[in-house]
Amino acid sequence: MSGSSTVEPGLFTPERVGATLNALDLSLVCPLSNRLLCVRALIDAATPLATGEQDLRQPALLIRCIDAALPALFSGGSELSDAVTELLEVLLGALAAHSVRYEEQLGPSSLVAEAKLRMLQSASDLLGGAGSLPGAALPLLCMLLLLLKGKAATVAANALVEQSRITHVLVGAILGDADSLERVALRVLAQTIVAHGACASSVLHRCGVDIDELLARLPHRGSAPPRRSLSLQMCELLAALAASDPQLAARICRPRPLDALKAPLISGDPLLQLAAVDVLAVLHSQGCTRALCTEDTVPFLLEACRPIGQGTDQAVDSAGVAPSATVDQLEHLREQCVALLGELLHTPHPRCNSLLARLLEALHPSVAVRWADKLRCLRQLDASLRCAVALLEWYSPHPSEIPTCLDFCQAGAGLLGDCID
C-alpha cells in the first residue's frame with residue numbers, strides 16, 4: 001500500500017477518507033510508518049471540523065471513521081494505538097462541534113451520544129471473551145477516558161457499566177500489579193462515578209468493584225511488604241466516592257484510609273497534596289469532621305501549608321521550592337489547606353499539645369509564598385487569623401506559646417504595612 005494516500009486539511013470527503021481508512025485495515029500488509037502517516041492525515045483533515053473552522057456536511061463520514069479506527073486501537077501496537085486515540089478524540093470533537101451548531105434539529109448531543117454508544121459496543125465485541133485480546137487494557141482505558149468527558153458523558157457512563165466485558169478489564173486493571181495501568185483505571189472509575197448520576201455505591205456494584213477490596217489496597221503503616229504511597233488517581237477516586245455517597249464517605253473516614261492520606265499531605269508534590277486535601281474537604285462536608293480531628297489530620301495539614309522543603313523529604317532547589325512546583329500551585333495548595341483548617345479547628349482535638357504555636361508557625365507570614373497580589377496577601381492573613389480564632393474557641397494556650405503569638409502578630413503587622421505602602 002502506498003504512503004501517498006493522505007487527506008489534505010479541510011478536505012474531509014468520502015473519496016479521500018475512504019482511501020486513507022484502508023491503512024487502518026490490519027488484514028492488509030502495510031508498513032507502520034504508512035499507517036501512522038494516514039492517521040495523521042485524518043487528524044489534520046478533521047481538526048478544522050473539531051475547532052469549528054469548517055462545517056461538517058456529512059456526519060455519517062465521521063461515524064465511519066470511528067468504526068474503522070477501533071480495531072486498530074486494540075490490535076495495532078502501542079504506537080498506532082496512541083495515534084488512533086488522538087484521532088478518536090478529534091473525531092468526537094468534530095461531532096460535538098456539529099451538534100452545537102445543529103442542536104435544534106438533532107436534539108442535544110444526539111450524534112455524539114450515538115457515536116459513543118457505538119464505540120462502547122464495538123469495543124465490547126472486539127474484546128470477546130475475557131483475556132482473548134492481550135494488550136487491549138490500556139488502549140481501552142484511554143478510549144473510556146475520551147468517552148467520559150464532554151458531550152454525552154452521562155450517556156457513556158450509563159452504557160459503560162452495562163458492558164460486562166469492559167468492566168471486567170477495568171476491575172482487572174484496578175486490582176492488578178501494574179501501577180501505570182491501575183492509575184488510568186482509577187481515573188476511569190472516578191470519572192464514571194461523576195458522570196453517571198447514580199450514587200457511587202450503585203456504580204461500584206454495577207462495575208463489579210468491591211469497596212472493601214478497594215480500601216484494603218490502600219497503603220498503611222506496618223504492611224508487609226510496604227505498599228507504594230497513595231496515588232493522585234486514588235485520591236481523585238476517594239473524593240468522587242465520598243462526594244457521591246455519604247455512607248461511602250463514612251467508610252473512607254476510618255483510621256486506615258485516613259492514615260493512607262497523611263503521606264500525600266507531606267509528599268512535597270503540590271498536585272498530590274491538593275488531591276489529598278480535596279478528599280479531606282469532601283469528608284468534612286459529609287459530616288465526618290470529628291473523625292478527621294480524632295485521627296490527627298490537622299498536624300499534617302499544617303505541614304502541607306509550609307513551603308516545599310520545610311518538613312518534607314522532597315528535593316528542592318536553591319529557593320526551597322520543588323522544581324516541579326509552580327507558584328500558582330503552592331498558592332492554591334496553601335489557600336485550600338488554610339480554608340479546611342478554618343473549618344476543622346472549631347472542633348476540639350484529643351491531642352493538641354502546643355497546637356496554637358504549631359498553627360501560627362505554619363501560617364507565619366514570613367514563611368508564606370510572597371505574592372505580588374497585595375489583596376491576596378491580606379486575604380491569606382485574614383484566613384490565618386480566623387484559624388487562630390477558631391482554635392481559641394476551645395483551646396487554652398500554654399504560656400510557652402505566647403512568644404510565638406507575639407511574633408506572628410508582629411509579622412502580620414509588618415505585612416499589613418507592606419501592603420498599605
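Position 1 is the first residue of the sequence, and the numbers go up from there. Because the structure is predicted, anything quoted here is derived from the model rather than measured.
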Are the side chains of Leu265 and Glu303 in touch, meaning some heavy atoms are under 4.5 Å apart? no
For atom CZ of Arg386, decide whether the heavy atoms of other residues, nucleotides or ligands shown that lie under 6.0 angstrom number more than 12. no
Check whether any side-chain N or O of Thr154 sits under 3.5 Å from a backbone N or O of Ala195 as a donor-acceptor pair, and report yes or no. yes
Show your reasoning for whether salt bridge (charged side-chain N to carboxylate O under 4.0 Å, His left out) applies to Glu335 and Arg379. CA-CA 9 Å; Glu335 288 173 347; Arg379 285 174 177 167; over 6 Å; no
CD1-CD1 distance between Ile252 and Ile211, expressed to the nearest 0.5 angstrom: 6.0 Å
Are His349 and Trp394 close enough that their ring centers fall under 6.0 Å? yes
Taking Thr294 for the side chain and Arg290 for the main chain, is one N or O donor matched with an acceptor at less than 3.5 Å? yes
To the nearest 0.5 angstrom, please state how far the CG atom of Leu340 sits from the OG atom of Ser285. 10.0 Å
Verify, without hydrogens or angle tests, whether Asp245 (side chain) and Cys199 (backbone) share a donor-acceptor contact under 3.5 angstrom. no
Beyond-backbone contact of Leu355 with Val298, side-chain heavy atoms, under 4.5 angstrom: yes
Derivation and outcome, side chain to side chain donor-acceptor pair (under 3.5 Å), residues Gln233 and Glu182: CA-CA 9 Å; Gln233 293 76 15; Glu182 177 190 4; over 6 Å; no
Begin from the C-alpha positions of Asp296 and Lys262 and carry the test salt bridge (charged side-chain N to carboxylate O under 4.0 Å, His left out) through to its verdict. CA-CA 9 Å; Asp296 248 3; Lys262 291 175 182 177; 6.0 Å; no
Quick one: pull up CG in Leu360 and CG in Leu302 and give me the separation to the nearest 0.5 Å. 10.0 Å
Could you give me the CA-CA distance, side-chain angles and deciding distance for Tyr395 and Glu401, then say whether side-chain contact (heavy atoms from CB on, under 4.5 Å) is met? CA-CA 12 Å; Tyr395 179 82; Glu401 296 178 278; 2.7 Å; yes
Is there a donor-acceptor pair closer than 3.5 Å between any side-chain N or O of Ser244 and the backbone N or O of Ala200? yes
Find the distance between CZ (Arg251) and OG (Ser201) and round it off to the nearest 0.5 Å. 9.0 Å
Check: Leu111 main-chain N/O paired with Lys116 side-chain donor or acceptor under 3.5 Å: no
Assess whether side-chain contact (heavy atoms from CB on, under 4.5 Å) is satisfied between Asp210 and Leu214, documenting all intermediate values. CA-CA 6 Å; Asp210 186 311; Leu214 185 66; over 6 Å; no
Does Thr47 offer a backbone N or O that forms a donor-acceptor pair with the side chain of Thr51 under 3.5 Å? yes
Going by heavy atoms in the side chains, are Met143 and Leu140 under 4.5 Å from each other? yes
Any side-chain heavy-atom pair from Arg183 and Leu232 closer than 4.5 angstrom? no
Sidechain-backbone polar pair: Thr289 side chain, Leu344 backbone, donor-acceptor under 3.5 Å: no
Any side-chain heavy atom of Ile166 within less than 4.5 Å of one from Leu127? yes
Taking Thr297 for its side chain and Cys293 for its backbone only, find out whether a donor-acceptor pair lies under 3.5 Å. no
Determine whether Leu204 and Leu248 make a side-chain contact, defined as any pair of heavy atoms from C-beta on separated by less than 4.5 Å. yes
Before giving the answer on side-chain contact (heavy atoms from CB on, under 4.5 Å), spell out for Leu87 and Ile66 the whole-Å C-alpha distance, their side-chain angles and the decisive distance to 0.1 Å. CA-CA 9 Å; Leu87 171 63; Ile66 291 172; over 6 Å; no
Do side-chain atoms of Arg256 reach the backbone of Ala216 as a donor and acceptor pair under 3.5 angstrom? yes
Distance from Leu92 atom CG to Leu62 atom CG, nearest 0.5 Å? 9.0 Å
His205 atom NE2, over 12 foreign heavy atoms within 6.0 Å: no
Looking at Arg254 and Glu295, is any side-chain nitrogen of the basic one under 4.0 Å from a carboxylate oxygen of the acidic one? no
For a 4.5 angstrom cut-off between non-hydrogen side-chain atoms, does Leu237 reach Ile193? yes
Leu215 vs Leu238 side-chain heavy atoms within contact, under 4.5 Å: yes
Would you name the heavy atoms of Ala113 and Val155 that are closest together and state the gap between them? CB-CG1, 4.1 Å
Of all the heavy-atom pairs spanning Leu283 and Ala242, show the shortest one and how long it is. CD2-CB, 3.8 Å
Between the side chains of Glu236 and Gln191, does any donor sit under 3.5 Å from an acceptor? no
Mind running side-chain contact (heavy atoms from CB on, under 4.5 Å) on Leu80 and Leu26 for me, showing each step along the way? CA-CA 11 Å; Leu80 184 58; Leu26 300 181; 4.3 Å; yes
For atom CG of Asp212, is the number of surrounding heavy atoms from other residues, nucleotides or ligands below 6.0 Å larger than 12? yes
Between the side chains of Asp269 and Gln273, is a donor N or O closer than 3.5 angstrom to an acceptor N or O? no
Return the SG to CG distance between Cys142 and Asp82, rounded to the nearest 0.5 Å. 7.0 Å
Heavy-atom donor-acceptor pair, Ser267 side chain to Pro264 backbone, under 3.5 Å: yes
